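Below: one structure, written as structure tokens.
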Amino acid sequence: MKTLSDYPLDELKRIYGLLHEALPANPELMDSELLEDLQRHLQQAARADGVDVSLHAQWAAWLHGGVKLKGI
């Protein structure tokens, strides 16, 4: 079985975005372990790119545009 790190990052970002957008209509997803694991994995990747995931604007920009801040 593959782990999250075996999948392309852009694909994981798109899937996370779709799941996150579905939360208002599907509140039971709020407690989803898969969604939590996916978010944790993406946040680790974002931090590796120099993103402060505690700042929503940086986190959202990275998720939606793959912004890399290293070296800036």
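Worth saying up front: this structure is predicted, and the values here are computed from it rather than measured. Throughout, numbering of the chain's residues begins at 1 and tracks the sequence.
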Checklist entry - In Å, rounded to the nearest 0.5 Å, how long is the span from CG of L63 to CD of Q58? => result 12.0 Å
Checklist entry - Around E28, counting heavy atoms of other residues, nucleotides and ligands shown, do more than 12 lie under 6.0 Å from its CD? => result yes
Checklist entry - Under a 4.5 Å side-chain heavy-atom rule over Ile, Leu, Val, Met, Phe, Trp and Tyr, are W62 and L18 clustered together? => result no
Checklist entry - Is there a path of hydrophobic side-chain contacts, each under 4.5 Å between heavy atoms of I, L, V, M, F, W or Y residues, that connects L29 with Y16? => result yes
Next on the checklist: If I take atom CG from residue L12 and atom CD from residue Q39, how far apart are they, to the nearest 0.5 angstrom?
Outcome noted: 13.0 Å
Item to check | Single-linkage hydrophobic cluster, 4.5 Å side-chain cutoff, L34 and L23 together | outcome: no
Checklist entry - Counting N and O atoms only, with roles assigned by atom type, does the side chain of D52 sit under 3.5 Å from a partner on the main chain of S54, one being a donor and the other an acceptor? => result yes
Checklist outcome for this item: By side chain to side chain donor-acceptor pair (under 3.5 Å), T3 pairs with (sequence neighbours left out) S5, D6
Item to check | Distance (rounded to the nearest 0.5 Å) between L35 CG and M30 CE | outcome: 8.5 Å
Item to check | Contacts of R40 that satisfy side chain to side chain donor-acceptor pair (under 3.5 Å) - sequence neighbours left out | outcome: E36, D37
Checklist entry - Of the non-hydrogen atoms in V53 and R47, which two are nearest, and what is the gap between them? => result CG2-NH2, 3.4 Å
Checklist entry - What pair of heavy atoms forms the shortest contact from E21 to P24, and how long is it? => result O-CD, 3.3 Å
